[in-house]
Amino acid sequence: MRAEAPGRTRTGTGRRVPPARWDGSRPRADDVRARLGAAAGPATRLAAVCTGAFVLARTGWLAGHPATTHWRHADRLRAEFPEIEVRPDEIHVRSGRFATSAGVTAGIDLALALVEEDHGPDLAREVARELMVFMQRPGGQSQFSVRQDLPPSRDQRLRRVVDRITADPARAYPIEEMARDATVTPRHLRRLFQQEFGFTPARYLELARVEAARALLERGGTVTEVARHSGFGSDETLRRIFTASYGVPPSVYQRRFRTTTAAAR
């Protein structure tokens with residue numbers, strides 16, 4: 001798939017993919033069932049990523065099944081479709097021929113699970129290595145406790161910045177870019193963070209990365225892998241900040257975690 005121009009994409013077969021647009025209307029359940037039914041037979045596995053769970057839910061096929069979606073939309077999914085057992089902390093959920101994942105990147109976890117189911121763990125591990133991701137993500141959506149522990153804020157500008165960082169703490173976030181997301185100046189953004197949360201945007205980014213690093217260490221990643229996937233870049237930076245946060249270096253924390261979990265089994 002390649003982009004030809006803004007709003008226009010072409011697949012490898014030459015087929016054009018129109019840009020997605022939503023006018024705010026909601027399709028009827030029978031229309032959704034008809035469209036999906038035309039593309040998938042009654043025994044076909046159907047997987048939905050992130051808020052794609054709402055599309056499956058609209059068909060009525062998920063009634064009585066467990067499902068998940070992005071944590072930010074879990075309450076809405078439960079309210080609109082009380083017949084579905086919403087599991088807001090799951091990374092992905094399988095039930096019969098249906099599968100749902102939490103956020104967009106959780107779709108990779110789901111895809112790896114499907115590859116492992118169809119072709120075995122060896123191929124799934126090979127795919128995971130190629131994508132530079134771990135076979136299974138540690139914990140559930142509640143692992144993002146740094147986001148949940150923030151004081152409540154009604155300022156949508158701050159929530160937008162915080163949500164972006166939480167969703168992908170590994171990428172770079174220049175203060176100018178964060179300020180553009182919040183439609184304020186960098187100086188004003190720093191002041192808003194201090195007023196609402198008691199620390200700067202840079203400090204929140206560091207907290208989110210430390211939490212991501214901890215989860216990856218618990219899963220068994222090497223210090224170098226964890227430094228890269230959590231956004232710290234270098235082993236030394238990870239060691240310094242992780243030790244300041246948890247009181248022990250990453251390698252020591254990992255050994256203690258393994259010992260604790262082994263003893264608990």
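Numbers here are sequence positions counted from 1.
By the rule that hydrophobic residues join a cluster once side-chain heavy atoms approach within less than 4.5 Å of another member, Val248 and Leu216 end up as members of one cluster. In the hydrophobic clustering of this structure, Phe81 groups with Leu46; members are Ile, Leu, Val, Met, Phe, Trp, Tyr whose side-chain heavy atoms approach within less than 4.5 Å, directly or through other members. Linking ILVMFWY residues whenever their side-chain heavy atoms come closer than 4.5 Å, directly or via other members, leaves Leu114 and Leu123 in distinct clusters. Linking Ile, Leu, Val, Met, Phe, Trp and Tyr residues whenever their side-chain heavy atoms come within less than 4.5 Å leaves Leu110 and Ile84 in two separate clusters. No continuous path of ILVMFWY side-chain contacts below 4.5 Å connects Val49 to Phe98, so the two sit in separate hydrophobic clusters.
Once rounded to the nearest 0.5 Å, the distance linking SG of Cys50 with NE2 of His73 reads 6.0 Å. Within the model, atoms CD1 of Ile175 and CZ of Arg187 stand 13.0 Å from one another, a figure rounded to the nearest 0.5 Å. The CG atom of Leu158 sits 5.0 Å away from the CG atom of Leu192 when rounded to the nearest 0.5 Å. Atoms CG and CD, from Asp109 and Glu90 in turn, are 12.0 Å apart once rounded to the nearest 0.5 Å. Between the CG atom in Asp181 and the CD atom in Glu176 there is a gap of 12.0 Å [rounded to 0.5 Å]. Note that CZ of Arg190 is 10.5 Å distant from CD of Gln194, once rounded to the nearest 0.5 Å.
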Go through Glu177 and Arg164 one step at a time and tell me if the salt bridge (Lys or Arg N to Asp or Glu O under 4.0 Å) criterion holds. CA-CA 11 Å; Glu177 179 182 322; Arg164 283 197 64 186; 3.5 Å; yes
Steps toward side-chain contact (heavy atoms from CB on, under 4.5 Å) verdict (Thr105, Asp168): CA-CA 9 Å; Thr105 56; Asp168 186 11; over 6 Å; no
Starting from the C-alpha separation in whole Å, work towards a yes-or-no answer on side-chain contact (heavy atoms from CB on, under 4.5 Å) for Val226 and Glu218. CA-CA 10 Å; Val226 171; Glu218 291 172 1; over 6 Å; no
Test Trp61 against Arg97 for side-chain contact (heavy atoms from CB on, under 4.5 Å), laying out the working first. CA-CA 10 Å; Trp61 295 338; Arg97 71 187 186 105; 4.1 Å; yes
Can you list the steps and then say if Glu117 with Arg45 is a side-chain contact (heavy atoms from CB on, under 4.5 Å)? CA-CA 12 Å; Glu117 179 180 304; Arg45 283 187 310 193; 3.2 Å; yes
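Using a 4.5 Å heavy-atom cutoff, the side chains of Leu189 and Pro201 are in contact. For the pair Glu80/Arg58, a side-chain contact is recorded, criterion being any heavy-atom separation below 4.5 Å from C-beta on. Side-chain contact between Phe242 and Leu217 is present, with heavy atoms from C-beta onward closer than 4.5 Å. Using a 4.5 Å heavy-atom cutoff, the side chains of Arg160 and Thr183 are in contact. Residues Val93 and His65 form no side-chain contact, since every pair of their non-hydrogen atoms from C-beta on lies 4.5 Å or further apart. Residues Ile165 and Met178 have side chains in contact (heavy-atom distance under 4.5 Å, counting atoms from C-beta outward). Residues Phe197 and Val162 are in side-chain contact: their nearest non-hydrogen atoms beyond the backbone lie under 4.5 Å apart. Using a 4.5 Å heavy-atom cutoff, the side chains of Phe232 and Ile241 are in contact.
A salt bridge is defined here as a Lys NZ or Arg NE, NH1 or NH2 lying under 4.0 Å from an Asp or Glu carboxylate O, and Arg209 with Glu206 fails to meet this definition. Salt bridge status for Glu196 with Arg159: absent, with no side-chain N to carboxylate O gap under 4.0 Å. We find that Arg78 and Glu85 are not joined by a salt bridge, their nearest charged nitrogen and carboxylate oxygen being 4.0 Å or further apart.
Here the shortest heavy-atom pairing between Ser234 and Ala227 reads O-CB, 3.6 Å. Nearest heavy atoms, Pro250 versus Leu238: CG-CG, 4.0 Å. Across all their heavy atoms, Thr68 and Ile91 have their closest contact at CG2-O, 4.1 Å. For the pair Ala48 and Leu56, the tightest heavy-atom approach, listed with the atom from each and the gap, is CB-CD1, 3.7 Å.
Thr51 pairs with exactly one of Thr69, Leu77, Thr100 by the side chain to side chain contact (heavy atoms under 4.5 Å, CB included) rule, that one being Thr69.
Residue Arg35 qualifies as open at atom CZ: its count of foreign heavy atoms under 6.0 Å is 12 or below.
Tyr173 carries Arg171 over the face of its six-membered ring, with the cationic atom under 6.0 Å from the centre and within 45° of the normal.
With 3.5 Å as the limit, one finds no donor-acceptor pair spanning the side chains of Ser101 and His92.
Thr222 places a side-chain N or O within 3.5 Å of a backbone atom of Glu225 that can act as its donor or acceptor partner.
Note on residues 240-250: pairs passing side chain to side chain donor-acceptor pair (under 3.5 Å), not counting sequence neighbours, are Arg214-Tyr246.
Relative orientation of the Tyr204 and Phe193 rings is tilted, given thresholds of 30° and 60° on the angle between their planes.
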